[in-house]
*Asks:* 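Got a structure for you, questions after.
Within every chain, numbering begins at 1; the chains are lettered A, B, ... in the order of the sequence lines, protein sequences first and strands thereafter.
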Number of protein chains: 2
Amino acid sequence: MTNKEIEKKLESKNVKPTAMRTLVYKTLVDSGKALSLADLEIQFEKVERSTIFRALKSFEDNFMVHPVDDGSGSVKYAVCDDDCTCNIHDLHVHFYCTRCGRTRCMKELPIPEMKLPAGYTYRKAQFIISGVCPRCD
Amino acid sequence: MTNKEIEKKLESKNVKPTAMRTLVYKTLVDSGKALSLADLEIQFEKVERSTIFRALKSFEDNFMVHPVDDGSGSVKYAVCDDDCTCNIHDLHVHFYCTRCGRTRCMKELPIPEMKLPAGYTYRKAQFIISGVCPRCD
DNA sequence: TATTTAATGCAACACTGTTGCAAAGTTTAA
DNA sequence: TTAAACTTTGCAACAGTGTTGCATTAAATA
């Protein structure tokens, strides 16, 4: 994805495309997997944790990324599809590889809707499957 | 559950029933919900974090409790059923109430088995549904 | 260009999870 | 029953994560 495309994407989501935001978002897209704040920090050594943190938050607030808590100890962020509104119907299973620590969106596996007992309201869901991924097996 | 029963339970799982362990396990059982290390610390002000931590670990290692990462920032522990081996077939959905922060085992909702793409190995899974529980609605 | 607004970097902080080590307690074996 | 061996507990410290207030810099607007 080119920088121009990234910038357009950010603008279309009402996020001003600053240099840092463009860079962070591009990194997420190009990596093809979910990245944590720490992962990103390592890639941009000169950039402040808080700056990356706030970039991620602005993406999250504007439905550009979704947080994935895969149990690794730090939340990872995965880019949303274009039409994602991060609600129940957009949710998919995430796979966490316990060998390499990579987290992948399993877009082909939507989270099944569950019939909750009376009185419970469904707002969001996380479905993480852990195991070993093909490249580690 | 009486102390005697707790002690027997611990022994049957090869965990020596010290005073602390009995207390911690009893608290988990009596609460009827999943508790975090911090939750337990509050209840036993005089007891060291690390002691409770290690008690929980020994329960976990011996399949007496299962950890639930509900996204609240701290892992909670829920007591297992007698016959639980904490493998895929014992897993159930957990419900996290975003109002009161309570986490409940939904034993009536087993985690559906998902057909993973070729090459992926299924080891364990977490399925957390967040929303509002009946007492908060 | 001057002024207002937004983004960044810095520093600090609370909290969670975790460990090494010493003290206290318990078990075992002589 | 006493000493030796082992286990559990408390204490202190630490790293990592997430988060915020504030000053500085950069960008947008009038």
*Asks:* I want to verify a distance call: between C:dA6, C:dG9, C:dG17, whose nearest atom is closest to the A:Lys16 side chain?
*Replies:* C:dA6
*Asks:* Look at the side-chain N and O atoms of A:Thr18 and state whether any lies under 4.0 Å from the OP1 or OP2 oxygen of C:dA7.
*Replies:*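 No, outside the criterion.
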*Asks:* Rounding to a whole Å, what distance do you find between B:Leu56:CG and C:dT16:P?
*Replies:* 13 Å
*Asks:* I need the CD-C1' distance between B:Glu11 and C:dT27, as an integer number of Å.
*Replies:*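 Rounded to whole Å, this separation is 14 Å.
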*Asks:* Would you classify B:Ser50 as touching base, sugar-phosphate or nothing, given that sugar-phosphate means primed atoms plus P, OP1 and OP2, and contacts are heavy atoms under 4.0 Å?
*Replies:* base
*Asks:* So where does chain A start and stop touching DNA chain D, 5' to 3', when the test is distance under 4.0 Å to a non-hydrogen atom?
*Replies:*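 Listing 5' to 3', DNA chain D meets chain A from D:dT17 to D:dG21.
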*Asks:* In this structure, how many angstroms lie between the C1' atom of C:dC10 and the CD atom of A:Glu41, rounded?
*Replies:* 13 Å
*Asks:* Using a distance-only test with no angle check, is there a side-chain donor-acceptor pair under 3.5 angstrom linking B:Lys76 and B:Ser36?
*Replies:*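 Side chains of B:Lys76 and B:Ser36: no pair found under 3.5 Å.
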*Asks:* Between B:Asp69 (CG) and C:dT16 (P), how many Å, whole number?
*Replies:* 13 Å
*Asks:* Does any N or O in the side chain of A:Asn62 come within less than 3.5 Å of the main-chain N or O of A:Met64, such that one atom is a donor and the other an acceptor?
*Replies:* no
*Asks:* With a 4.0 Å cut-off on heavy atoms, is A:Arg21 in touch with a base, just the backbone sugar-phosphate, or nothing at all?
*Replies:*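 Sugar-phosphate, no base atom in range.
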*Asks:* Answer with base, sugar-phosphate or nothing: what part of the nucleic acid does A:Arg54 contact at a heavy-atom distance below 4.0 Å?
*Replies:* base
*Asks:* Tell me the interatomic distance from B:Met20, atom CE, to C:dG25, atom P, rounded to whole angstroms.
*Replies:* 15 Å
*Asks:* Any side-chain to backbone donor/acceptor pair from B:Arg21 onto B:Lys16? Under 3.5 Å, distance only.
*Replies:* yes
*Asks:* Please determine if a side-chain N or O atom of B:Lys57 lies less than 4.0 Å away from the OP1 or OP2 oxygen of C:dT18.
*Replies:* yes
*Asks:* Scan B:Lys9, B:Lys4, B:Glu11 and name whichever one has a side chain to side chain contact (heavy atoms under 4.5 Å, CB included) with B:Pro17.
*Replies:* B:Glu11
*Asks:* Roughly, in whole Å, what's the span from CD1 in A:Ile52 to C1' in C:dA7?
*Replies:* 14 Å
*Asks:* May I ask whether B:Val47 and B:Tyr25 are part of the same hydrophobic cluster, defined by side-chain heavy atoms of I, L, V, M, F, W, Y residues being less than 4.5 angstrom apart, directly or through others?
*Replies:* yes
*Asks:* For B:Leu37 and C:dA14, give me the distance from atom CG to atom P, rounded to whole Å.
*Replies:*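 Distance, rounded to whole Å: 18 Å.
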*Asks:* In plain terms, say whether B:Glu5 and B:Lys8 are close enough for a salt bridge, that is, a side-chain N and a carboxylate O under 4.0 Å apart.
*Replies:* no
*Asks:* Would you find a donor on one side and an acceptor on the other, under 3.5 Å apart, between the side chain of A:Arg104 and the backbone of A:Lys33?
*Replies:* no
*Asks:* Could you state the CG-C1' distance from B:Leu40 to C:dG17, rounded to the nearest angstrom?
*Replies:*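 After rounding, the reported distance stands at 14 Å.
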